[in-house]
Amino acid sequence: MKNTLIVLPGPTGVGKTGFALELASRLRCDIISCDSRQFYREMKIGTAAPDDEQLARVRHHFVGFISVTDYYSVSLFERDAMALLPKLFEASPVVIMTGGSMLYMDAVCRGMDDIPDTDPAVRQRYAEMYQKEGISGLRMALRMVDPEYYAKVDLHNPRRILRALEITASTGIPYSSFLTAPVRERDFRIVKAGLTRERGELYRRIDARVDAMMNAGLEEEARSLLEYKGLNALNTVGYRELFRWFDGEISREEAISLIKRNTRRYARKQMTWWNRDNDINWFDASEEEMMFSWIERRLEDNRP
RNA sequence: GGGGAGAUACCAAAGUGGCCAACUGGGGCAGACUGUAAAUCUGUUGUCUGAUGACUUCGUAGGUUCGAAUCCUGCUCUCCCCA
């Protein structure tokens with residue numbers, strides 16, 4: 001039987017954790033978490049990371065394995081996950097990957113282009129350029145060094161332009177020439193089953209979960225991370241709103257309702273991303289048994 | 001009881017005779033996405049239409065005018081001040 005990676009996407013708050021746990025118990029396999037914020041060991045409550053009891057029941061990977069001060073990225077995740085999978089497949093022909101980080105999931109399923117790391121000094125230089133000259137300065141610079149990418153990039157989005165400039169300057173090669181968008185051949189089968197819910201119900205669950213996080217001590221968790229609020233890892237729903245409260249900018253109530261709103265937005269954004277992935281078979285949370293049996297049938301189906 | 005201010009689209013808020021289906025912000029909805037992605041960015045938001053365009057809107061009922069969200073009158077409601 002060919003090794004299979006069961007990919008389980010779903011919007012935040014839909015109930016993936018519990019579902020994946022149940023599935024892993026039945027299949028006796030490990031879970032790879034694909035949640036770029038559950039990676040951080042200091043952010044357990046706000047990211048609804050699996051708790052100790054759940055972690056003890058099924059072996060998880062990539063949960064709380066780095067610190068907010070560490071550098072990590074999609075490509076590192078792809079590398080680490082691809083290094084780990086063969087080991088996991090030695091123990092079981094099936095591995096589950098669940099989570100909400102869309103790009104990270106795609107990186108494992110399809111791979112990303114090999115692009116060299118950027119030089120931090122270069123990065124700093126362009127950050128300053130953005131400060132001084134704004135987005136138009138970045139645009140002009142990009143048009144000079146990589147007109148091909150300039151023609152297709154979102155010229156309103158500083159992140160994209162900065163990235164292209166950094167790579168081009170660090171390597172001396174236009175960023176666009178790295179972009180071949182290959183679909184990497186994986187030596188395991190990928191089965192994608194998405195978990196979804198009616199929107200109103202999902203929103204109610206999200207609201208309830210935010211309240212539960214506050215009761216579970218999210219405030220203390222965020223306070224202990226206040227000194228790191230400038231780090232990217234903390235630019236995350238649930239933390240940045242509380243930081244604004246701590247700074248006296250908004251009230252506690254405002255912070256909580258903003259967390260709810262931003263979590264709902266995130267859930268929608270996730271669905272937008274996955275909507276274009278035709279390989280995902282979606283199941284409503286009310287049809288969990290149907291989903292289990294669909295997955296089991298796919299596993300019995302031995303064709304590559 | 002007397003005096004004053006105001007009622008604008010989901011919310012807030014501009015507009016004070018034609019350039020107004022109505023600035024702007026928020027929210028909603030939709031979308032993009034190749035390296036810190038729970039990030040970053042975009043579009044749209046009266047109705048019908050593929051688009052031109054058509055139709056109904058600015059508390060309410062009338063009036064003035066070629067033309068009104070904008071001017072006048074009555075009514076309803078809200079707020080403030082003095083009693």
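Worth knowing before you read on, the calculation uses all heavy atoms, side chains too, and leaves out hydrogens, waters and symmetry mates. The sequence lines fix the lettering, A, B, ..., with proteins before strands; numbering per chain opens at 1.
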State, yes or no, whether a side-chain contact exists between A/L258 and A/I250 at a heavy-atom distance under 4.5 Å.
yes
Give one of base, sugar-phosphate or nothing for [X], where a contact means two heavy atoms less than 4.0 Å apart.
X: A/S176; value: nothing
X: A/T47; value: base
X: A/R163; value: base
X: A/R160; value: base
X: A/S101; value: sugar-phosphate
X: A/Y203; value: sugar-phosphate
X: A/G46; value: base
X: A/Y175; value: sugar-phosphate

Report yes or no: do A/T180 and A/D113 form a side-chain donor-acceptor pair below 3.5 Å?
yes
Can a donor-acceptor pair under 3.5 Å be found between the side-chain atoms of [X] and the base atoms of [N]?
X: A/K269; N: B/A30; answer: no
X: A/D117; N: B/G35; answer: yes
X: A/D35; N: B/A38; answer: yes
X: A/D154; N: B/U42; answer: no

Could you tell me how the ring of A/Y239 sits relative to the ring of A/F243: parallel (under 30°), tilted (30 to 60°) or perpendicular (over 60°)?
tilted
Watson-Crick/G-U partner (both atom distances under 3.5 Å) of [N]:
N: B/G6; answer: B/C77
N: B/U57; answer: none
N: B/C71; answer: B/G63
N: B/A39; answer: none

With a 4.0 Å cutoff (strictly under), does any side-chain N or O of A/R199 reach OP1 or OP2 of B/C29?
yes
With a 4.0 Å limit, can you tell me whether A/R123 has a side-chain N or O closer than that to the phosphate oxygens OP1/OP2 of B/G35?
no
Salt-bridge contact A/D30-A/R59 (side-chain N to carboxylate O under 4.0 Å):
yes
Once you round it to whole Å, what is the distance between P of B/U34 and CZ of A/R184?
16 Å
Can you tell me the distance, in whole Å, between the CD atom of A/Q270 and the C1' atom of B/C29?
17 Å
Do the ring centers of A/F39 and A/F77 come within less than 6.0 Å of each other?
yes
For B/A7 versus B/A61, give the span between their C1' atoms, rounded off to a whole number of Å.
16 Å
